[in-house]
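Following: one structure in C-alpha cells, then a few remarks.
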Protein chains: 2
Amino acid sequence: MSDADDAFIRQSFDLIDGLDSLSDPLDVQKTIFDLVARCGFSYFAITRLPQPGERIGPNLLLSVWPEGWLSHYDRVGHYRHDPVVRHCFRTTEPFAWNEVPHEPDHAPQARRVMEEAREHGMGAGYCVPIHDAHGFQGGISLAGERIEMTPRVRRAIHLLGLYAWSAAARTTARHRKPGGRLLSARERDVLSFAAQGRTREETADLLGLSVETVSTYLRNARSKIGTRNTTHTVIEALRLREIVL
Amino acid sequence: MSDADDAFIRQSFDLIDGLDSLSDPLDVQKTIFDLVARCGFSYFAITRLPQPGERIGPNLLLSVWPEGWLSHYDRVGHYRHDPVVRHCFRTTEPFAWNEVPHEPDHAPQARRVMEEAREHGMGAGYCVPIHDAHGFQGGISLAGERIEMTPRVRRAIHLLGLYAWSAAARTTARHRKPGGRLLSARERDVLSFAAQGRTREETADLLGLSVETVSTYLRNARSKIGTRNTTHTVIEALRLREIVL
DNA sequence: CCCGGTATCCCCGAAAACCGGGAGGGCGGC
DNA sequence: GCCGCCCTCCCGGTTTTCGGGGATACCGGG
C-alpha cells in the first residue's frame with residue numbers, strides 16, 4: 001500500500017496502455033525491461049513453449065538473458081526437467097521460482113537446473129505462465145540475483161506479463177509461418193471425423209468420397225506429420241492446431 | 001489517468017489482496033459485486049465451461065444474475081450459439097460484448113441470444129475469459145443496461161477477474177467430484193501409449209503385459225467412456241482429463 | 001512448360017484393431 | 001461372504017486400417 005507500490009502500479013498500467021501502439025518487438029522489449037529493471041530484475045524473457053524435442057532458442061519471442069545460459073540450457077536439455085516450466089503446466093498464477101513445489105521424481109535434475117541458473121546470475125526469478133484456449137503456451141520470466149516484491153507489485157507484473165505476451169506475439173507475428181498450414185483442407189476434414197471415432201467408410205459417406213480417397217488423405221496426413229497411425233495423427237494434428245475440438 | 005480510475009485500481013488491488021482470506025463463496029461474491037456495481041454493472045457471474053450437452057446452471061460458481069434468464073438460457077439452448085462464449089475460445093483478453101466479431105454462420109441465433117439478454121436488462125456486458133493449462137475453462141461475466149469503462153478500469157477488472165476465478169474455484173471446491181476418475185490406472189496407461197501412436201503390441205511390451213490384456217483395457221475404456229474406437233477414446237479421455245499430453 | 005501440390009479414385013495383401021465371449025485372483029465395502 | 005471392480009490372460013472370427021503400389025485431373029508458380 002506504499003507510495004512506491006502505487007507508483008509502480010501506475011507505471012505498469014501506463015505501459016500496458018502504451019503497448020498497443022508499438023509495432024517493433026525491440027520497442028516492446030525495451031519498454032518492459034526498463035520497468036522491470038526498477039524492481040531488481042536483470043533479465044527477462046518472453047518465450048513460447050517449445051514442442052517436444054524442439055529447443056527453447058527459436059521459441060524466444062523477446063529476451064534479455066544471460067550470455068551462454070540459453071545455449072547451455074538447450075544443449076544440456078534442461079527444458080525437460082526445469083521445475084519452473086513444469087510448474088507452468090499446473091498453475092495460471094504467477095509464482096516466484098523458490099515457491100515451486102518439489103517433485104520427488106525430478107529432484108536431482110531439477111536442482112541442477114536451478115543451481116546452474118544461479119551460477120549464471122539468476123539466483124531468483126519470477127514467472128508469469130501464459131495459457132490460452134489451447135492450454136499452456138509460454139511464459140514471461142524475470143530473473144536476477146535477488147528479488148523482493150510486495151504482493152501488489154506481483155499483481156501488477158502479472159497483468160503486465162499478460163499484455164506483454166500479447167504485444168510480443170503480435171509484434172513478432174511476421175516470423176510465423178505465412179499461411180503455412182501443413183495439411184490440406186481435405187486432410188483436416190477426414191482427421192476431424194476420425195477424432196469423432198468415424199471409420200473411413202463413414203467419413204467417406206459423410207463427405208461424399210470413396211473409402212480409398214479417405215484412406216489416401218489419412219495416409220498423406222500421416223506422412224506429412226510423421227505419425228504412426230490415425231490416433232497418433234489426430235493427436236498431433238490437434239497439437240499443431242491443424243484441427244480443433 | 002483520472003483520480004477515479006486510480007481509486008478503482010487501488011480498490012481492485014485491495015480486493016485481490018483480501019480474496020485469499022475468504023473461505024465462504026458468498027463472501028467472495030459479495031465482495032466482488034460491491035466493487036463492480038460501482039462501475040455500472042448490475043449483474044455478474046463466474047461460471048465454468050459446461051461440457052457439451054450439459055447445462056450452464058450447475059456450472060455457475062457464483063452469480064448475481066437476472067431472475068429467469070438462466071433457466072431460459074438453458075431451456076432454449078442458447079449456450080451453443082452465444083457469441084460471447086464462442087469468443088472466449090478465441091481470445092484470452094477480456095472484451096465487451098459489443099466488440100465480439102460477427103460470425104456469419106451463427107448470425108441469426110447469435111443475434112437472438114443478445115437481443116433476449118437485452119430484454120432481461122443486460123444490454124451491455126464485459127467478459128473475462130479464463131484459460132488454464134487445459135484450455136478454456138470458464139469466464140467472468142459482468143452485465144448491465146449500459147456500461148462505460150476506461151481502458152485502465154478494464155485492465156483492473158481483467159486482473160480482478162483472474163483472481164476472482166481462483167477464489168471462486170477455491171471456495172466452491174467442495175462441490176467437485178471427490179476422486180471421481182472414470183478410468184482405471186491401467187486403462188489410462190494404455191490410452192497414453194495409444195495417444196503416442198503405439199500399437200497394442202508395443203504397449204504390451206512397454207508395460208510388460210500380454211497383447212490380450214492391453215486389448216481388454218482398451219475395450220473396457222471404450223465401453224466406459226462410450227466411444228467407438230481407440231482414436232475416439234483417446235480424444236475423449238483427453239477431454240475428460242483422464243490422460244494428459 | 002514442367003513441377004509440385006491437391007483432389008479424386010482404384011487394388012490387394014498384410015497387419016492391426018475390434019468383438020464377444022471366458023477365466024482366475026485380489027481387494028475393499030456392505 | 002458376496003458383490004463389484006480391477007488386473008491379468010486366452011480364443012476365434014470379423015472388420016478396419018496400413019502400406020505400397022498405381023491412375024487422372026486441375027491449378028498455380030518458377
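Naming: A, B, ... by sequence-line order, numbering from 1 per chain.
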Exercise: do A:Thr203 and A:Arg198 side chains pair donor with acceptor under 3.5 Å: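 Looking only at side-chain atoms, A:Arg198 and A:Thr203 do not form any donor-acceptor pair under 3.5 Å.
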Pair B:Asp20, B:Tyr163: side-chain N/O donor-acceptor within cut-off below 3.5 Å: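 No, because no side-chain N or O of B:Asp20 sits under 3.5 Å from a partner of the opposite role on B:Tyr163.
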Would you indicate which nucleotide in [options] comes nearest to any side-chain atom of [X]?
X: A:Ser184; options: D:dC9, C:dT8, C:dT6; answer: C:dT6
X: A:Glu212; options: D:dT8, C:dA7, C:dC10; answer: C:dC10
X: A:Thr230; options: C:dA7, D:dC18, D:dC7; answer: D:dC18
X: B:Arg219; options: D:dC10, C:dC10, C:dC18; answer: D:dC10
X: A:Thr216; options: C:dC9, D:dC18, D:dT17; answer: C:dC9
X: B:Thr213; options: C:dA7, D:dT16, D:dT8; answer: D:dT8
X: A:Tyr217; options: C:dC9, D:dT16, C:dA7; answer: C:dA7

Separation of atom [atom1] in [X] from atom [atom2] in [N], rounded to whole Å:
X: B:Asp189; N: D:dT8; atom1: CG; atom2: C1'; value: 14 Å
X: A:Glu242; N: C:dT6; atom1: CD; atom2: P; value: 11 Å
X: A:Leu218; N: C:dA16; atom1: CG; atom2: P; value: 18 Å
X: A:Leu182; N: C:dT6; atom1: CG; atom2: P; value: 9 Å
X: B:His232; N: D:dT16; atom1: NE2; atom2: P; value: 16 Å
X: B:Glu187; N: D:dT8; atom1: CD; atom2: C1'; value: 13 Å
X: B:Asn229; N: C:dC18; atom1: CG; atom2: P; value: 6 Å
X: A:Glu202; N: C:dC18; atom1: CD; atom2: C1'; value: 14 Å

Any donor-acceptor N/O pair, A:Glu187 side chain to A:Ser184 backbone, under 3.5 Å: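 Confirmed, A:Glu187 side chain pairs with A:Ser184 backbone.
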Charged N-O contact under 4.0 Å between B:Arg154 and B:Glu99: yes
Sugar-phosphate only, base, or nothing, as touched by B:Asn220 at under 4.0 Å among non-hydrogen atoms: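 It contacts nothing in the nucleic acid.
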Sugar-phosphate, base or nothing in reach of A:Ser210, heavy atoms under 4.0 Å: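 A:Ser210: backbone/sugar contact only, no base atoms under 4.0 Å.
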Neighbour count above 12 (heavy atom, 6.0 Å) for A:Glu201 CD: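 Not buried by this count: 12 neighbours or fewer within 6.0 Å.
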Residue whose closest nucleotide on DNA chain C lies nearer the 5' end, A:Arg186 versus B:Arg200: A:Arg186
Heavy-atom donor-acceptor pair, A:Arg222 side-chain to D:dG19 base, under 3.5 Å: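 Per atom types, no contact qualifies.
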Polar side-chain contact A:Ser215-D:dC18 base: donor and acceptor under 3.5 Å: no
